[in-house]
Structure formats: structure tokens, C-alpha cells
Amino acid sequence: MTDRTTRSARPGPGPVVVVVAGALYDQGRLLAARRSAPAELAGRWELPGGKLEPGESPEEALVRELREELGVETEPGERIPGEWPLKPGYVLRVWTARLLSGEPRPLEDHDQLRWLARHELDSVDWLDQDRPAVAEAARLLPAS
Ligand code: CDP
């Protein structure tokens, strides 16, 4: 029996779409963004970012996504160790980033932004897949 059709419909080996997100720091706080779409994610908070486009490095994708979504210029830093599954075929990888210029505004995909100090990180309802990255990102925040 050939199970080509079945197999192609399942998650498994094959190209994985990388979603990059930024742990953006400013003045000892981390930026959280509330999603406005799609409906099943609306109202949940995430580290802003998006899908890598062909030919882009993750850092280039991150700078582009943060420019598109927030209207800011940023400098990527280190990758936060780890990789988190999203829907089948998608993984989330996170980089730290520093704000170079601009004041973040929710231009695309988000309807609210908050700068959170370490003691405020639990005050928003993070997407489940972002929680481990946020926990790691928090280690770089000063005690508050
Ligand atoms: O902007 P673009 O369309 O490239 O990507 P997106 O829609 O912002 O993100 C692609 C997928 O990654 C969506 O399903 C998001 O929910 C997910 N994502 C996530 O789970 N956590 C993040 N920090 C960023 C994106």
C-alpha cells in the first residue's frame, strides 16, 4: 500500500517554517504585544515577530518584522536557546533585540503593546508557546 497521501497530510519530516520573534528590551523592560488576529489567538500576548521569508537570515527577518509590526528600528542580539513548536510544520525561535529608534506602535497584527518589568511579566496572558521563551527572556531583565 502506498500511504503517500496520508503521510503528506501529517506533520513530519519536510521543510519547517521558522517563525522568529523578538525579546525587545528597553530600560529594563520587555515588550509584550497583544494579538488582534486570527480569532483563535486574538487577545493573547506574544513576543512580536513573524515568518522567515525565502533568502532571509533570521536576524534580517526579525528586523523586518519589528519594523512592519511596530514601526521601530532594532538591533538583534543573541538567540534565546530553544525552539518551540507552533502548529504542525512551524517552529518558533526567539532572539533578543534592542530598540535603536522609534516608539513601538501596534501597526499590524496587534492592538495593544506593553513594556513589562520583570515583576509584571505574569500580568498578561501569554500564548502558551511563547511562555518558555518569555521565562528565558526574563533572566536578562533586572530584578524589580
Ligand atoms: O507576520 P507573519 O504573517 O509572517 O507571521 P505571524 O502571523 O505574526 O506569525 C506566524 C505564526 O506564528 C502565527 O500562527 C503566530 O500565532 C505564531 N507566533 C507565535 O506563536 N508566537 C510569536 N511570538 C509569534 C508568532
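Both ligands and their constituent atoms are indexed starting at 1 by order of listing.
Residue pairs meeting the salt bridge (charged side-chain N to carboxylate O under 4.0 Å, His left out) criterion with at least one member in residues 99-110: none, sequence neighbours excluded.
Both Trp84 and Leu140 belong to a common hydrophobic cluster when Ile, Leu, Val, Met, Phe, Trp and Tyr are linked at side-chain heavy-atom distances under 4.5 angstrom.
Taking the charged nitrogens against the carboxylate oxygens, Arg44 and Asp130 have no contact shorter than 4.0 Å, which rules out a salt bridge. Residues Glu60 and Arg64 are not paired through a salt bridge, judged by the lack of any N-O separation under 4.0 Å between the basic side chain and the carboxylate.
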Atom pairs and distances, ligand 1 N/O vs protein N/O under 3.5 Å:
{"residue": "ligand 1", "atom": "1 (O)", "partner": "Glu65", "partner atom": "OE1", "Å": "3.4"}
{"residue": "ligand 1", "atom": "3 (O)", "partner": "Lys51", "partner atom": "NZ", "Å": "3.0"}
{"residue": "ligand 1", "atom": "4 (O)", "partner": "Lys51", "partner atom": "N", "Å": "2.8"}
{"residue": "ligand 1", "atom": "4 (O)", "partner": "Glu65", "partner atom": "OE2", "Å": "3.3"}
{"residue": "ligand 1", "atom": "7 (O)", "partner": "Arg35", "partner atom": "NH2", "Å": "3.4"}
{"residue": "ligand 1", "atom": "8 (O)", "partner": "Arg35", "partner atom": "NH1", "Å": "3.3"}
{"residue": "ligand 1", "atom": "8 (O)", "partner": "Gly49", "partner atom": "O", "Å": "3.3"}
{"residue": "ligand 1", "atom": "20 (O)", "partner": "Gln129", "partner atom": "NE2", "Å": "2.7"}
{"residue": "ligand 1", "atom": "21 (N)", "partner": "Asp130", "partner atom": "OD1", "Å": "2.8"}
{"residue": "ligand 1", "atom": "23 (N)", "partner": "Leu47", "partner atom": "O", "Å": "2.6"}
{"residue": "ligand 1", "atom": "23 (N)", "partner": "Asp130", "partner atom": "OD1", "Å": "3.4"}
{"residue": "ligand 1", "atom": "23 (N)", "partner": "Asp130", "partner atom": "OD2", "Å": "2.6"}

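For Asp122, there are no side chain to side chain contact (heavy atoms under 4.5 Å, CB included) partners, not counting sequence neighbours. Residues forming a side chain to side chain contact (heavy atoms under 4.5 Å, CB included) with Ala137 (at least two apart in sequence, or on another chain): Ala23, Tyr25, Leu30, Ile80.
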